[in-house]
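Given the structure is predicted, the values throughout are model-derived calculations rather than measurements. Here is how names work: the chains are called A, B, and so on, in the same order as the sequence lines, proteins then strands, and each is numbered from 1. Both backbone and side-chain heavy atoms feed into the values below; hydrogens, waters and symmetry mates do not.
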Number of protein chains: 2
Amino acid sequence: MPKTWAEDAQHRLREAGYRNGPVRIAVIELLDAENCCVSAADVHASLNERVGLASVYRVLESLHAAGLVRRVDVGDGIARYEPLRESGEHHHHLVCTECGKVEAFDDPALERAIRRVEAKSGYAVEQHDVVLQGACDTCR
Amino acid sequence: MPKTWAEDAQHRLREAGYRNGPVRIAVIELLDAENCCVSAADVHASLNERVGLASVYRVLESLHAAGLVRRVDVGDGIARYEPLRESGEHHHHLVCTECGKVEAFDDPALERAIRRVEAKSGYAVEQHDVVLQGACDTCR
DNA sequence: AGCTTGACGAGAATCGGTATCGTCAGCCGC
DNA sequence: GCGGCTGACGATACCGATTCTCGTCAAGCT
Ligand SMILES: [Zn+2]
Ligand SMILES: [Zn+2]
Ligand SMILES: [Zn+2]
Ligand SMILES: [Zn+2]
């Protein structure tokens with residue numbers, strides 16, 4: 001029985017010297033429930049605005065520094081975060097240019113093509129992002 | 001003999017109802033000289049700060065609305081623009097997480113993989129962006 | 001040349017995100 | 001259990017990129 005991502009994240013942050021306060025736990029559990037694209041404002045709203053927005057940013061930042069979340073930027077100037085689970089599976093995003101909806105997709109052939117580019121690049125690539133923008137089928 | 005991108009852009013903007021003032025012409029010619037990733041601040045600096053920054057933004061916005069430039073966002077919160085030339089050739093970006101350098105690459109196999117994803121997506125995809133992030137070989 | 005209308009520049013406003021700081025509470029050793 | 005250290009918290013000030021507002025000016029039509 002594998003630990004949940006939330007348990008693992010709390011454990012890893014504690015080992016990194018962070019304490020587990022109530023905001024940290026709440027944010028981690030929210031992220032574990034979602035698994036795609038949550039913004040700081042989303043978290044703040046989901047927590048009923050009973051926590052300071054700055055604390056939300058702090059927790060998200062600490063999770064990012066510990067490599068526990070991926071930071072996703074789809075070009076609208078709002079940073080979103082999603083859990084990076086042990087399995088290593090990840091996905092990329094389709095953004096509707098009309099309604100702003102964000103959807104996930106994944107494609108093994110695309111991942112292979114990207115890995116080949118990474119190998120040729122001369123960079124120590126840590127992350128890649130692919131964003132497709134266009135009108136979704138309900139908006140066209 | 002094909003028209004230059006700058007000439008074409010001025011023509012298309014005029015047809016779209018814009019007038020050609022000095023700032024517009026200067027910005028278009030700057031973009032035509034570069035072909036990768038120029039920010040509004042870059043343009044403003046290149047023009048010796050003799051023009052209003054707001055005008056630079058306005059021109060870039062009008063070019064984007066007319067589909068003459070691609071807007072590139074590599075996740076550092078700065079919007080960059082590059083000309084979209086007739087030939088349709090385009091590239092994607094490698095960003096150094098240490099020094100912030102942005103480099104271009106292109107890869108036909110990657111483009112094919114993306115086109116297949118686009119076809120399956122149900123979206124009318126207008127643009128795609130791929131960003132690879134990691135340490136460049138001088139920063140490692 | 002006169003008129004209309006968009007282009008321009010300066011500066012205010014907005015907005016996401018970050019830094020600061022005083023206070024509070026979790027955790028440690030006793 | 002108690003005192004003290006240290007990080008977590010919330011409020012608020014701040015920052016930098018972008019957008020808005022508005023008075024003025026000039027491009028282009030007649
Ligand atoms: Zn996602
Ligand atoms: Zn991927
Ligand atoms: Zn480029
Ligand atoms: Zn491409």
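- Taking the nucleotide of DNA chain D with the nearest heavy atom to each of I25(A) and I78(B), the more 5' of the two is matched to I25(A).
- For R50(A) against dG10(D), a side-chain-to-base donor-acceptor contact under 3.5 Å is absent.
- Looking at heavy-atom distances under 4.0 Å, A41(B) makes no contact with the nucleic acid at all.
- When the P atom of dC27(C) is taken as reference, atom CG of N20(A) falls 8 Å away, rounded to whole Å.
- The separation between Y18(A) atom OH and dC27(C) atom C1' is 18 Å, rounded to whole Å.
- Considering only the side chain of V23(B), dC8(C) comes nearest among dC8(C), dG16(C), dA17(D).
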In sequence, state the C-alpha distance, the side-chain angles, and the governing distance for H128(B) and V130(A), and then conclude on side chain to side chain contact (heavy atoms under 4.5 Å, CB included).
CA-CA 7 Å; H128(B) 60 252; V130(A) 180; 5.6 Å; no
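- Going from atom CD of Q10(A) over to atom P of dC27(C) covers 11 Å, rounded to whole Å.
- Side-chain N/O atoms of S55(B) include one lying less than 4.0 angstrom from OP1 or OP2 on dG9(C).
- Side chain of A40(B), nearest nucleotide from dT18(D), dA10(C), dC8(C): dT18(D).
- Closest to the side chain of A54(B), from the set dG11(C), dT18(D), dG10(D), is dG11(C).
- Under 3.5 Å, the side chain of R58(B) and the base of dT19(D) form no donor-acceptor pair of N or O atoms.
- In this structure, CZ of R80(B) is placed 10 Å from P of dA17(D), rounded to the nearest angstrom.
- The residues D107(B) and K120(A) are annotated as salt-bridged, a charged nitrogen and a carboxylate oxygen being separated by less than 4.0 angstrom.
- R71(A) has its CZ atom 10 Å from the C1' atom of dG16(C), to the nearest Å.
- In this entry the distance linking OH of Y81(B) with P of dA17(D) reads 14 Å, nearest Å.
- In this structure, L53(B) atom CG and dC20(D) atom P are separated by 14 Å, rounded to whole Å.
- Per the geometry, CG belonging to L60(B) stands 11 Å off C1' belonging to dT18(D), to the nearest Å.
- The side-chain contact (heavy atoms from CB on, under 4.5 Å) with V117(B) is formed by just one residue from the set L132(A), L94(A), D106(A); it is L132(A).
- The aromatic rings of H92(A) and F105(A) sit tilted relative to each other, their planes meeting at an angle between 30° and 60°.
- The NE2 atom of H90(A) sits 3.5 Å away from atom CD of E111(A), with the distance rounded to the nearest 0.5 Å.
- Nearer to the 5' terminus of DNA chain D, by closest-nucleotide assignment, is the contact made by R24(A) (compared with the other of R14(B) and R24(A)).
- The side chain of P22(B) lies closest to dC8(C) when the candidates are dT18(D), dC8(C), dG17(C).
- In this structure, of dA27(D), dG10(D), dA8(D), it is dA8(D) that holds the atom nearest to the side chain of R19(A).
- For Y57(A) and dT18(C), the shortest distance from a side-chain N or O to OP1 or OP2 is not below 4.0 Å.
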